[in-house]
Amino acid sequence: MKTLNLNIDNNQDKMYLRIAQAIGDAIKNGTVKTKEKLPSARALAEQLCVNRHTIMAAYHELIAQGWVETKQRQGYSVAAILPVISSLIEKKQNSQAKTYVWRITKKGDGAISRPAHDYLFNFAGGNPDIELFPFKEFKGFMNDALIRPPINELNYGDNSGFRPFITEVSTYLRRVRSITDKEIIVVNGTQEALYILSQILLKAGDKVAVENLGYRPAWNALRNAGAELIGIRQTEQGIDVDDLERLIKAHKIRLLYLTPLHQYPTTATLPQAKRVRIYQLAQHYNIPIIEDDYDHEFHYNSQPLSPMAANDPAGLVIYLSSFSKIMFPGVRLGIIAVDKGLAHHIVDYRTLMNHKASILQQDAVARWMRDGGFERHLRKVTRCYQKRRKCMVDMLNVFIDEGLDIEFIVPKGGMALWVDVGNKAREIAELAREQGVFLLAENSFHLHEENDENKYIRLGFAGQNEAKIKQGLLLLKPLLRMKT
Ligand SMILES: Cc1ncc(COP(=O)(O)O)c(C=O)c1O
């Protein structure tokens, strides 16, 4: 420890005693904890502008009183057992001071009770396997960013993102996803994008159409802005467009939030014909669409459909993409690709919340993308997830052959299967969790609880290796229903 905040009394005592008193107070009020190292006599002397011998005298006074210990060549530390610890606790308990009660005007999203990765077998639907990330390779690009830092960009200024990173992302989006003519803004993950968009596009009471089964964190951001959510019916091929049309005619829908490529959580891909109809409706009724394309790359059998944003002559699609699945959620990197007319409003609002997203990290990722490492990694994980999907599908097919009553459609992409277990999906998920197997049932994804048929579970296949997938599924097997 180099510095320690001390309150030194201005009384008539000798300086070393006043300093000893102040250090003693810091120990008693918890500023420094038992066994914690104290500043060296030299460092404290410099901080307090006194002679080093004065500090040593103060420390020796405290050693004599039992508050401080010293070991040869290890400097001074707070004693492991304090002399009056019990009387201190008593004093605290008898204290009359009332703790401040906060007035909270808006509540956040709530913490997850036990994270999925704490379980031995983790079938959470959207978890990437972080261990596949090439940390060593990436370290080289982080180093490059530190060796030749973009000094100007590290200062306050442009809040839309680090330009070289934006250039890499635009090239990638154009080449791989056919998205052109959009402005790109870098955010700290899709969640930040959803929050900003909700705040700037909605006012209290506005109606937003969302998929009946969907992504709760997005709904929470929309609701926080005062939106009323209207659920669209779903089929095995994404949303029911007739139902959407009916809802648009019945309500004044202000915004549409969709996950077209791999519908979250059912994994269905929205067919091209439906996309065209949805777009026509959106254009006709002036409704912007948020397209959340959270795991675009993980598509296995063929090239995925281009995003709706790739064919957006009216500029009404707000395209969201995330690095959480490609890299890892902790990277907090997300992209908004939007029409020029909206872009600066997003950047302006973002400036209320924050000045920038992490520039050094964007610089390192840009270097990684330029080098080709990003796409190499993508090819590697896509192959790996494809094998894991096959492993899960094969195992579940064996279960079916053995007489288990389950059904599923093999998704073209994504990171999870949506499995019809007949009934008791909630109970299965709960029992599985008790046995160290994390998975969620359909009830976790319904906009309206009353729509819960208690039939489906979501099984993520990307986040753990094949051995774990097999072991986890074997634990799950006795919980599933036999054909009658
Ligand atoms: C539907 C959906 N959108 C977006 C994300 C990514 O969010 P973020 O970029 O905030 O990590 C996820 C992650 O699970 C998701 O499931």
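Just so you know, ligand 1 is whichever comes first in the structure, and atom 1 is the first atom listed for that ligand.
- Comparing heavy-atom distances from atom 2 (C) of ligand 1 across Phe323, Phe328, Tyr215 singles out Tyr215 as nearest.
- Residue contacts with ligand 1, taken as heavy atom pairs separated by less than 4.0 Å, do not involve Glu192 at all.
- The protein atom (non-hydrogen) at minimum distance from atom 11 (O) of ligand 1 is Ser324 OG, 2.6 Å.
- Only the side chain of Asp292 comes within 4.0 Å of ligand 1, counting heavy atoms alone; its backbone N, CA, C and O stay farther away.
- No donor-acceptor pair closer than 3.5 Å links the side chain of Lys387 to the backbone N or O of Glu466.
- Rounded to the nearest 0.5 angstrom, Leu261 CG and Arg275 CZ are separated by 6.0 Å.
- The shortest N or O to N or O distance between Tyr294 and ligand 1 is not under 3.5 Å.
- The aromatic rings of Phe133 and His377 stand perpendicular to each other, their planes meeting at an angle above 60°, with 30° marking the opposite boundary.
- Close contacts of ligand 1 with Gln191, meaning ligand atoms under 4.0 Å from a residue heavy atom, involve 10 (O).
- In this structure, Lys455 and Asp420 approach most closely via the heavy-atom pair CE-OD2, 3.4 Å.
- Aromatic rings of Phe298 and Phe461 (six-membered ring for Trp) have centroids beyond the 6.0 Å cut-off, not under it.
- Backbone and side-chain nitrogen or oxygen atoms of Thr259 are examined, and none is located within less than 3.5 angstrom of a nitrogen or oxygen of ligand 1.
- Near Arg332, meaning under 4.0 Å from one of its heavy atoms, ligand 1 places the atoms 8 (P), 10 (O), 11 (O).
- At the top of the distance list for atom 14 (O) of ligand 1, counting protein heavy atoms only, stands Lys325 NZ, 2.6 Å.
- Put simply, CZ on Arg481 and CG on Leu404 are 10.5 Å apart, with the number rounded to the nearest 0.5 Å.
- For the pair Tyr257 and ligand 1, the shortest N or O to N or O distance does not fall below 3.5 Å.
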Inset, instruction - Run the numbers on Phe165 and Phe323 for ring-ring contact (aromatic ring centres under 6.0 Å, His included), then give the verdict. - result: CA-CA 13 Å; Phe165 178 62; Phe323 281 69; 5.7 Å; yes
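- The N/O atoms of Tyr264, backbone and side chain alike, include none that comes under 3.5 Å of an N/O atom in ligand 1.
- Nearest-residue assignment for atom 9 (O) of ligand 1 (options Ser322, Gly414, Ala221, Gly330; heavy-atom criterion): Ser322.
- Gly189 counts as a contact of ligand 1, since one of its heavy atoms falls under 4.0 Å from the ligand.
- The proximity of Pro329 to ligand 1, defined as any non-hydrogen pair under 4.0 Å, does not occur for either the backbone or the side chain.
- For Glu153 (side chain) and Phe162 (main-chain N/O), no donor-acceptor pair under 3.5 Å exists by modelled atom type.
- Judged purely by atom type and a 3.5 angstrom limit, Glu211 has no side-chain atom pairing as donor or acceptor with the backbone of Gln263.
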